[in-house]
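Notes for the one structure printed next.
Model, not experiment: these values are computed from the prediction.
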Amino acid sequence: YNNYVYMAAYTDGLYKVDYSDLKLLRTVSKYIDSKEIIGVYVDNHAVFAASSYEGVVILDHYLELISEIKISNGRAWTALRYKDFLLVACGKGGVLIYNVLNLYNPKFIIKIKTTEARDLIVRKDTLYIADGQNGVEIYDIQNIVNPKHLYNIPSAAFTRGIMVDDTYIYKADGDGGVEIYERNF
């Protein structure tokens, strides 16, 4: 984001690194007030860091704390902002959706039940969930308070990651490798 990379460094916190000169990378700031930062999403509004068993921390671009979302069920693996909403993959705790129009006061909206949500991506009002042994779950989220299940791509392994482009769905299955599917539904 804007010549900076934000790196989730697990037990070492969150780093903001200036990469405008690739020969002279330098840490600009660091957030360490969390036990485990395992995922990060950055947009022009804020930095959203998935903080494992603690939930999500919302930071400004200087990595100063704006607010926190505590979770009690599951582990925050990934946070992703979509319009005025924050979607959080919380493993067995599901995908939690919050209204973050006011970053200082996030409001819980709805939970999508999952087997083991690890990763999320939204493409054109469609939510793709890397859902562990359940593979990939795909939802229409045009009406985010009433997500509509569209499709499941099963997994013989454990789906940990997901990427989508205009043509394909890329499913990372840990020891099972990477599988590629056409987006034809």
Side-chain angles (χ1 to χ4, degrees), residues 1-10 14-15 17 19 22 25 36-53 56 71 73-98 100 109-185:
Y1 181 83
N2 290 347
N3 288 328
Y4 298 100
V5 63
Y6 293 78
M7 298 186 313
Y10 195 57
L14 174 68
Y15 288 85
V17 176
Y19 73 93
L22 291 176
L25 298 175
E36 300 173 348
I37 301 289
I38 55 180
V40 63
Y41 178 83
V42 182
D43 66 13
N44 59 335
H45 300 282
V47 178
F48 303 90
S51 183
S52 193
Y53 294 106
V56 175
I71 61 166
N73 186 13
R75 184 175 187 188
W77 288 97
T78 303
L80 170 70
R81 185 175 176 138
Y82 166 73
K83 298 181 180 177
D84 291 329
F85 301 95
L86 184 68
L87 292 76
V88 184
C90 292
K92 293 178 174 108
V95 174
L96 306 179
I97 301 174
Y98 295 85
V100 290
I109 301 294
I110 193 169
K111 171 183 170 179
I112 298 173
K113 292 181 181 180
T114 62
T115 301
E116 184 63 46
R118 289 290 183 98
D119 196 13
L120 307 169
I121 191 162
V122 173
R123 184 100 173 157
K124 299 179 182 176
D125 294 325
T126 303
L127 171 62
Y128 299 81
I129 305 169
D131 193 20
Q133 295 172 337
N134 208 29
V136 177
E137 294 294 346
I138 303 169
Y139 285 84
D140 178 333
I141 57 170
Q142 287 182 20
N143 179 359
I144 200 150
V145 298
N146 189 20
K148 179 183 173 192
H149 187 263
L150 298 175
Y151 197 74
N152 168 267
I153 300 172
S155 180
F158 190 96
T159 304
R160 299 178 191 285
I162 186 81
M163 184 62 198
V164 178
D165 64 22
D166 287 336
T167 309
Y168 299 105
I169 300 168
Y170 305 86
K171 180 167 88 66
D173 279 352
D175 293 340
V178 174
E179 295 177 355
I180 303 170
Y181 296 84
E182 285 190 74
R183 288 182 59 210
N184 57 2
F185 47 87

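Take D43 and apply the salt bridge (Lys or Arg N to Asp or Glu O under 4.0 Å) test, not counting sequence neighbours, and it matches R81. Partners of Q133 under the side-chain contact (heavy atoms from CB on, under 4.5 Å) rule, at least two apart in sequence or in another chain, are F158. The side-chain contact (heavy atoms from CB on, under 4.5 Å) search around V5 returns M7, V17, Y19, not counting sequence neighbours. Residues satisfying the side chain to side chain donor-acceptor pair (under 3.5 Å) criterion with D165, sequence neighbours excluded, are Y170. Considering only residues two or more places apart in sequence or on other chains, K113 meets the salt bridge (Lys or Arg N to Asp or Glu O under 4.0 Å) condition with none of them. Remark: Y181 engages no residue in a ring-ring contact (aromatic ring centres under 6.0 Å, His included) (not counting sequence neighbours). With sequence neighbours excluded, the residues that form a salt bridge (Lys or Arg N to Asp or Glu O under 4.0 Å) with D173 are K171. For the side-chain contact (heavy atoms from CB on, under 4.5 Å) test, no residue two or more places apart in sequence or in another chain qualifies with D175. With sequence neighbours excluded, the residues that form a side-chain contact (heavy atoms from CB on, under 4.5 Å) with N146 are N143. Legend: residues meeting salt bridge (Lys or Arg N to Asp or Glu O under 4.0 Å) with K148, ordered by chain and number and at least two apart, are absent.
The structure places CD of Q142 at 7.5 Å from OG1 of T126, a figure rounded to the nearest 0.5 Å. We find the CD1-CD1 distance between I121 and I129 to be 12.5 Å, quoted to the nearest 0.5 Å. Considering CG of L127 and CG of L150, their distance stands at 9.5 Å, rounded to 0.5 Å. The distance from atom CH2 of W77 to atom CD of E116, rounded to the nearest 0.5 Å, is 7.0 Å. In this structure, the separation between CG on L120 and CG on L80 is 6.0 Å, given to the nearest 0.5 Å.
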Please assess I144 against I110 for the test side-chain contact (heavy atoms from CB on, under 4.5 Å), listing each intermediate value before the final yes or no.
-> CA-CA 8 Å; I144 200 150; I110 193 169; 5.6 Å; no

Please report the C-alpha distance between D166 and R123 in whole Å, then the side-chain angles of each, then the deciding distance to 0.1 Å, and finally whether the side-chain contact (heavy atoms from CB on, under 4.5 Å) criterion is met.
-> CA-CA 9 Å; D166 287 336; R123 184 100 173 157; 2.3 Å; yes

Evaluate side-chain contact (heavy atoms from CB on, under 4.5 Å) for T159 paired with N134, printing each intermediate quantity in order.
-> CA-CA 7 Å; T159 304; N134 208 29; over 6 Å; no

Just do the side-chain contact (heavy atoms from CB on, under 4.5 Å) check on E182 and Y168 with the steps written out, would you?
-> CA-CA 5 Å; E182 285 190 74; Y168 299 105; 3.7 Å; yes

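The two atoms that bring G135 and S155 nearest to each other are CA-CB, 3.5 Å, heavy atoms only. The nearest pair of heavy atoms linking I169 to Y128 is CD1-CE2, 3.8 Å. For the pair A76 and A50, the tightest heavy-atom approach, listed with the atom from each and the gap, is O-CB, 3.6 Å. Between F48 and A79, the shortest heavy-atom contact is CB-CB, 4.2 Å. Nearest heavy atoms, G39 versus A8: N-CB, 3.8 Å.
Side-chain N or O atoms of D131 include one that pairs as donor or acceptor with a backbone N or O of A117 at under 3.5 Å. T78 contributes a side-chain N or O that, together with a main-chain N or O of R118, makes up a donor-acceptor pair within less than 3.5 Å.
Using a 4.5 Å cut-off on side-chain heavy atoms (C-beta onward), E137 and T114 make no contact. Looking only at side-chain heavy atoms (C-beta outward), I138 and I153 come within less than 4.5 Å of each other.
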Mind listing the side-chain donor-acceptor pairs of residues 82-97 below 3.5 Å, one per line with the distance, residues two or more places apart or on another chain?
residue : atom : partner : partner atom : Å
Y82     : OH   : D125    : OD1          : 2.2
K83     : NZ   : D125    : OD1          : 3.4

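Among residue pairs with one or both ends in residues 44-53, those qualifying as side chain to side chain donor-acceptor pair (under 3.5 Å) are S34-S51, E36-S52, S51-E54, S52-R75; sequence neighbours excluded.
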